[in-house]
Each structure stands twice: as C-alpha cells, then as structure tokens.
2 protein chains.
Amino acid sequence: MNNELEILSLKEKFHRFGYKYTDQRQLVLDVLSEHPDLHLSSDDICEYLKQKKIKMGQSTVYRTLLILEKMKIVRKMDLNDGFTRYELCDHEEEHAHHHLICSKCGSVTDIKGDLLNNLEQQIYRSYGFKINDHILKFFGECRNCLDKNS
Amino acid sequence: MNNELEILSLKEKFHRFGYKYTDQRQLVLDVLSEHPDLHLSSDDICEYLKQKKIKMGQSTVYRTLLILEKMKIVRKMDLNDGFTRYELCDHEEEHAHHHLICSKCGSVTDIKGDLLNNLEQQIYRSYGFKINDHILKFFGECRNCLDKNS
DNA sequence: GTTGGTGCAAAATCTTTGCATCTGG
DNA sequence: CCAGATGCAAAGATTTTGCACCAAC
C-alpha cells in the first residue's frame, strides 16, 4: 500500500511533530488508505483492524486519530449521523472538500475543487469576516437513486 | 415573549402533529426565543431553565427538542465543537442558513439568504445529484477580532 | 535508559429508555 | 378517563483518562 519512500517520509513527519513512528499508527493509516472512498469512524477502523486479525486497543485508535489530525494527515468530519468520522487529507487542496450525501442510499461523493472562492470574497466584503476554512455538505438524492425511481 | 395569537397557533400546530401542548414545551421554546443569536445545546437550555428557577427533567428537554425538530420549529446544528445544538427555524428561508464561526472569540454569525443556488444547479448538471438541503459553515476570524489584532 | 506509546479498565459525557405517575384534551 | 407527557434513575453509546507495562530512539 505504501512504498518505502512514503514510509520514510512518514516516519520523518512523525518525528518532526515530536511523535514516535509505531506499527499501530501505520496500521491505522493503512486502513484509511485502503478505503479512500469511505468515511470511517473510530469504530469502523477498529472493525477493519479486527478483520485483518490485528489486535489493537481502541483507545490507541482514538489517540492515533487525534495525532493524525494534529499532523493534518487526516481530517475530522461527520455525515450528520452522529458519528465522528475521518478521511485522509488531500494535500492538493487548500480547504476541506465538499460532500454529496444521499439521503436514500447513504452514499457519499467527494467534490474536489474549491467552489466557494467567490462567495468567500463576497462574505469578507459584506461581513468583514476572514475565512480560513469551511464545511459544505449537500443532502439529496444521488444519480443512482434518481434512476431507480423513474 | 409570545403574544396570545402566537400561542394559539402554536397550540394548534402541536395538535396537528398529534402532540399535546404542555408548559414544558412552551418553556423550551421560550428559552430558544429569548436567545435567538445563541445556538443552544440541550445542556445550555437546562441551564437557562435553572436560572429562571424552572425545574424540568433533562430527558423532557431532549424529548421536546426531538419533537420540535420533527415539527420543523427548530433545526439541529453544530459548531464542530462536539455539541448538538438547536436554533429556531426561520420560515422565510427554504434551506438552512449559513454560519460564520470565529475561531478566536467563538462568536457565531448567521448569514441569511441562500447563496448556493447556482452552485446546486451546477452540481446537478455535473453529478446528477438532486440537492434538497445543505449545511455550510465558515471558520475564520470575525471583524471584531481582526480589528483587535491591528 | 528515557520518553513517549499501548492496552486495559474505569471514568466521564452525552443521549436514550423503562416505568410509575401525572395531566391535557 | 385515557393517551400521551413527565421525571427520575438506569442503561447505552461514544470518547477520554489513569496507570502499569512496553517499545522507539
């Protein structure tokens, strides 16, 4: 899943932040990389680890996710279902990307690309509010579910 | 806080939904109306009730908020601080309004007006996703905090 | 060898639920 | 009167924490 170069730079990154590079931290990252399309909760990650016959305390998973968030390797998000979820950051993008959440089937589609630049400038002019980041979620019905209806 | 006509129509509204109109439900609505600018959690509401020397079980507050949400009198939201919060719905607006959340002082400013219509049409064309509602939060620094810096 | 990390269990939070009692209609 | 509402305490669910032991560096 990760080549040697990536692991090396990852190790360095942990060290730059004053953290140790441990098997457990790598394993959590592995699970996240293996499911880039899903938005996993702590519990989901524990389940995937179990499936892979890996025994890890769930407090380690929680603590690892907090660290990965501080290191800006993952981003915390939620789908308005009450669960805190995590997704790998895409370092191409300056801000959080957006999500299309289907109310019928529950599918989540990521929208890449920042669609809010104009809006943010407009808000700065109107409200004097300097925006650093945003969260935008759309709820509705995805193409598949719309097709099934008709 | 509410005049007689408003209370009458409120009572009817409860009945239309098959709910009873009780003192407790009115009191929760009172607290919400008295703090239209704040975004109160269940716990906040219990605190305000205590301040007003009103004794109400917190499960009643939780259950009341669920009912008010079903009746579309309040909307659930959060400020990414882990607390579920509620705000009164504005029936002028079709969709949820947006929020400017200051990372320095924690102030929250509501943005009225739907700024996303064009974007939603664009998303329907690109993704075939039919949008019913959205959540948009901006994080940054508010005018007051920016002024203090300089 | 230090310092930080892990695992387990206990604790802390927030929210929901069961049940006896009460109350609006 | 009766269905639904309330209050309390217990139970659930998720997340955090304390501490003994372990591992990275």
Side-chain angles (χ1 to χ4, degrees), chain A residues 7-31 39-50 52-71 73-74 76-86, chain B residues 7-31 39-50 52-71 73-74 76-86:
Chain A
I7 290 179
L8 268 177
S9 68
L10 199 56
K11 194 169 175 177
E12 275 169 29
K13 191 160 186 179
F14 275 102
H15 291 172
R16 273 206 303 283
F17 276 86
Y19 297 124
K20 288 176 183 171
Y21 172 72
T22 67
D23 288 352
Q24 286 88 341
R25 289 171 183 179
Q26 180 60 61
L27 286 164
V28 168
L29 277 173
D30 285 348
V31 170
H39 300 76
L40 304 178
S41 65
S42 291
D43 200 52
D44 293 335
I45 293 171
C46 288
E47 283 307 312
Y48 279 112
L49 289 169
K50 264 186 209 159
K52 296 171 83 175
K53 313 288 181 200
I54 294 161
K55 203 164 169 294
M56 194 183 313
Q58 60 173 353
S59 52
T60 302
V61 174
Y62 277 106
R63 284 188 276 227
T64 299
L65 289 168
L66 290 178
I67 283 174
L68 293 176
E69 200 192 357
K70 277 189 199 158
M71 292 170 67
I73 292 177
V74 304
K76 194 190 273 196
M77 55 93 61
D78 72 276
L79 302 175
N80 276 54
D81 60 357
F83 293 93
T84 300
R85 296 170 178 282
Y86 292 89
Chain B
I7 289 179
L8 268 177
S9 68
L10 198 55
K11 194 169 175 177
E12 275 170 29
K13 190 159 187 180
F14 275 104
H15 292 171
R16 274 205 304 283
F17 277 85
Y19 297 123
K20 289 178 180 169
Y21 172 72
T22 65
D23 289 351
Q24 287 87 342
R25 288 169 185 181
Q26 181 60 61
L27 287 165
V28 169
L29 277 172
D30 285 348
V31 169
H39 299 78
L40 303 179
S41 64
S42 292
D43 199 54
D44 293 335
I45 293 170
C46 289
E47 283 306 312
Y48 280 111
L49 290 168
K50 264 187 210 159
K52 295 171 85 175
K53 313 285 181 204
I54 295 162
K55 204 166 167 293
M56 195 184 310
Q58 61 173 354
S59 53
T60 302
V61 175
Y62 277 106
R63 284 189 275 230
T64 299
L65 289 168
L66 289 179
I67 283 175
L68 294 176
E69 200 191 357
K70 277 189 199 158
M71 293 168 68
I73 292 178
V74 303
K76 194 190 273 198
M77 55 93 62
D78 73 275
L79 302 175
N80 277 55
D81 59 357
F83 293 94
T84 301
R85 298 170 177 282
Y86 292 88

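First the proteins, then the strands, lettered A, B, ... as listed; each starts at 1. This one's a predicted model, so the numbers in the text were calculated from it and none came from an experiment.
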Base, sugar-phosphate, or nothing for A/T84, non-hydrogen atoms under 4.0 angstrom? sugar-phosphate
In whole Å, what is the span from the CD1 atom of A/I67 to the C1' atom of C/dT3? 14 Å
Please identify each residue that fulfils ring pair (Phe, Tyr, Trp, His ring centres under 6.0 Å) with A/Y48, with sequence neighbours left out. A/H35
B/K76 atom NZ is separated from C/dT15 atom C1', nearest whole Å, by 10 Å
Give the rounded distance in Å between these two atoms: CD of A/E47 and P of D/dT14. 11 Å
Expressed in angstrom and rounded to an integer, what is the separation of B/D44 atom CG from C/dC14 atom P? 10 Å
Side-chain contact, heavy-atom cut-off 4.5 Å: B/L10 with B/I73? yes
Considering only nitrogen or oxygen atoms on both sides, find all protein atoms under 3.5 Å from nucleotides 23-25 of chain D and state each distance.
unit_1: D/dA24; atom_1: N3; unit_2: A/K20; atom_2: NZ; d: 3.3
unit_1: D/dC25; atom_1: OP1; unit_2: A/H15; atom_2: NE2; d: 2.5
unit_1: D/dC25; atom_1: OP1; unit_2: A/Y21; atom_2: N; d: 3.4

Given atom CG of A/D78 and atom P of C/dC14, what is their separation to the nearest angstrom? 17 Å
Is the closest side-chain heavy-atom distance between B/L65 and B/S42 below 4.5 Å? yes
Under 4.0 Å between a Lys/Arg side-chain N and an Asp/Glu carboxylate O for A/D44 and A/R85? yes
Using side-chain heavy atoms (C-beta onward) and a distance below 4.5 Å, is A/K76 in contact with A/Y86? yes
Rounded to the nearest Å, what distance is computed from the CZ atom of residue A/R25 to the P atom of nucleotide C/dG7? 11 Å
Heavy-atom side-chain proximity of A/F17 to A/K70 below 4.5 angstrom: no
Which residues within residues 54-66 of chain A lie with some heavy atom under 4.0 Å of an atom in DNA chain C? A/K55, A/M56, A/G57, A/S59, A/T60, A/R63
Only one of A/K13, A/K11, A/Q26, A/H15 passes side chain to side chain donor-acceptor pair (under 3.5 Å) with A/Y21; say which it is. A/Q26
If you fit an axis to the five pairs at each end of the helix from C/dG1-D/dC25 to C/dG25-D/dC1, how big is the angle between those two axes, to 10 degrees? 40°
Applying the side-chain contact (heavy atoms from CB on, under 4.5 Å) test to B/F83, which of B/D81, B/L79, B/N80 qualifies? B/D81
Pair up each side-chain donor or acceptor in residues 53-63 of chain B with any protein partner under 3.5 Å, not counting sequence neighbours, and list the distances.
unit_1: B/S59; atom_1: OG; unit_2: B/R63; atom_2: NH2; d: 3.4

Here the distance between atom C1' of C/dC22 and atom CD of B/Q24, to the nearest Å, is 10 Å
Only counting residues at least two apart or in another chain, list the ones meeting salt bridge (charged side-chain N to carboxylate O under 4.0 Å, His left out) with A/D23. none
Considering only heavy atoms from C-beta outward, does the side chain of B/T84 approach that of B/M77 to under 4.5 Å? no
Nearest whole Å is fine: how far is C/dG24 P from B/L27 CG? 12 Å
